[in-house]
Undergrad: 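Please find one structure pasted underneath; my questions will follow.
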Amino acid sequence: MIAELADHARRAADAATALPNSTADAQHYISAVEDLDTFGLRAMTAVLREALPDNTVRDEDEIAAHLRVAPRHRWLLRRWLTELTARRWLSRQSGGSYRALREQNIPARSELREVCADLGFAPELAQFFARANRALPELLRDRVLAQELLFPDGDFRTAEAAYRTNPINHYLNAATREIITWAVHELEAERAPVRILELGAGVGGTTADIVAALSSSPVDYHFTDLSKFFLDTARGQFAAYPWMRYGIVDLNADLPQQPPCDIVLAANVLHNAQHCGRMLHELRELLAPGGFLIFVESCREHCQLLTSMHFLMSPKPGATPPGGTDIRAGTDRIFLSEPQWLDQLTLAGLQPQLMLPDADHPLATLGQRVFLARKRP
Ligand SMILES: C[S@@+](CC[C@H](N)C(=O)[O-])C[C@H]1O[C@@H](n2cnc3c(N)ncnc32)[C@H](O)[C@@H]1O
């Protein structure tokens, strides 16, 4: 049954995506992902160079003081130092100080917008990355907020370019749509309406495709987010679907108080859990027996995101560990890898059933995946 769903979801997702259609194209695509990383690394380097001019040696505290890094972004500075050191863009002395950066080769594509175009990203997304890279010193000091750059004048187009209108999102949204319509179909005979809880629905990048596909199914759809701003917009956007309800749900605080549901959907939000294991355990409690958890996550930390989107993610998830230590504690990482998600699901008593795209798919290099897991019937 799952094998059939997987084939179906793969076909639908490929059909929804303008894919590299030869090995050479796939290679070009993969190299564009590497170039995008390089732009992030260069942006970090340009900022750090101020604190680490030639032959200067400074430790993390001294670098942070020199750059006047806001306390809530210190973890991000540490991530940069770790990433640059691992890639030998920076050398770490015994005692933990860092030394001046070496000059690096410029990537094959010399313009960020060219790299983004090769990845199928809309120009708004390239402009956002470029704006964030230029504003990095001010972002670090908290004098510019990433939200202002992502929603310039309240405009959603950049966020849509990041979460909706690019090839990996077309792929993931189509796969998610197939998976959720299948799950509703599995459950509807015995429990209509099927109760769906969407967490962190935000600009509705995933919701839009899904609710259109569910319009003739017996569902009760709870569209939720941490922020009222998104709920107000969604009420207008989804006015045609009377079975949709809207509410604030913080996945770090409110899960134990939610009524039982049959399907939890969460696109690009579960990594905000302060404690992933606890959050998954709470989701399992919330799900009725046989219920499904469907979620989309990034499983790879792109360097260009470390200089842009990651500024939205302070305070750092994994920092406060009530109920034990989060799997990311001490690593300054936001995203879990694929094996980490699969382990955490299993430990929480949820059975992983499907993960797409497959590892040999050209889009897999972007590191985003949709997961399907089930609570035992
Ligand atoms: C990256 S956006 C994804 C939006 C949407 N799911 C999509 O894919 O288009 C993350 C969303 O999660 C929400 N969020 C962040 N922390 C959250 C939390 N602790 N609980 C619930 N939602 C949260 C944000 O407000 C934002 O709308």
Side-chain angles (χ1 to χ4, degrees), residues 72 121-122 124-125 128 132 145-147 149-151 154 156-177 179-180 196-212 221-235 237-238 244 246-258 263-276 278-280 282-283 286 293-299 301-302 305 308-320 322 326 328 334-335 366-371:
R72 75 186 189 105
F121 294 169
E124 286 85 359
L125 192 52
F128 165 69
L145 295 179
Q147 286 87 338
L149 305 180
L150 186 59
F151 300 102
F156 275 25
R157 268 175 303 180
T158 307
E160 290 204 328
Y163 302 125
R164 183 145 192 236
T165 55
N166 67 66
I168 184 63
N169 292 119
H170 287 146
Y171 182 101
L172 292 168
N173 285 352
T176 306
R177 185 190 62 221
I179 292 170
I180 201 163
I196 301 175
L197 169 66
E198 181 172 1
L199 297 168
V203 294
T206 307
T207 323
D209 280 348
I210 283 171
V211 294
Y221 198 108
H222 197 189
F223 178 108
T224 72
D225 199 275
L226 191 57
S227 157
K228 184 172 173 300
F229 171 72
F230 295 118
L231 305 185
D232 294 341
T233 310
R235 276 194 190 90
Q237 189 183 352
F238 301 116
M244 285 182 74
Y246 303 88
I248 291 190
V249 176
D250 178 351
L251 62 83
N252 284 313
D254 303 330
L255 296 182
Q257 293 87 46
Q258 294 308 300
I263 297 176
V264 171
L265 169 67
N268 302 306
V269 63
L270 292 189
H271 55 260
N272 287 297
Q274 287 164 352
H275 190 298
C276 279
R278 189 186 60 206
M279 175 271 299
L280 290 174
E282 289 174 356
L283 289 181
L286 188 61
L293 168 62
I294 301 164
F295 65 101
V296 173
E297 273 297 320
S298 285
C299 300
E301 304 220 287
H302 295 279
L305 298 187
S308 54
M309 293 290 185
H310 273 41
F311 281 95
L312 296 167
M313 297 180 189
S314 303
K316 178 174 79 72
T320 36
D326 179 81
R328 298 158 296 173
I334 297 280
F335 299 143
L366 286 166
Q368 281 178 279
R369 298 284 187 275
V370 54
F371 296 81

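Remember, it's 1-based here, ligands and their atoms both numbered in the order they're listed. The residues of the chain are indexed from 1 along the displayed sequence.
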Undergrad: Answer yes or no: is there a side-chain heavy-atom contact under 4.5 Å between Met244 and Thr207?
TA: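 Heavy-atom side-chain distance check passes, below 4.5 Å.
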Undergrad: Side-chain contact test, heavy atoms from C-beta onward, threshold under 4.5 Å: evaluate it for Val203 versus Thr233 and give yes or no.
TA: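 Result no, sub-4.5 Å side-chain heavy-atom pair not found.
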Undergrad: Show your reasoning for whether side-chain contact (heavy atoms from CB on, under 4.5 Å) applies to Tyr221 and Phe238.
TA: CA-CA 11 Å; Tyr221 198 108; Phe238 301 116; over 6 Å; no
Undergrad: Ring centroids only, cut at 6.0 angstrom: are Phe229 and Phe156 within range, meaning strictly under it?
TA: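 They qualify: ring centres under 6.0 Å apart.
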Undergrad: Which parts of the protein, at residue level, reach under 4.0 Å of ligand 1 through a heavy atom?
TA: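 Residues Tyr163, Gly200, Ala201, Gly202, Val203, Gly205, Thr206, Asp225, Leu226, Phe230, Val249, Asp250, Leu251, Asn252, Ala267, Asn268, Val269, Asn272 each place a heavy atom under 4.0 Å from ligand 1, listed by chain and number.
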Undergrad: The test is side-chain contact (heavy atoms from CB on, under 4.5 Å); show your working for Phe223 and Arg235 and say whether it passes.
TA: CA-CA 9 Å; Phe223 178 108; Arg235 276 194 190 90; over 6 Å; no
Undergrad: Between Phe295 and His271, does the ring centroid distance fall short of 6.0 Å?
TA: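 When the ring centroids of Phe295 and His271 are compared, they turn out to be at least 6.0 Å apart.
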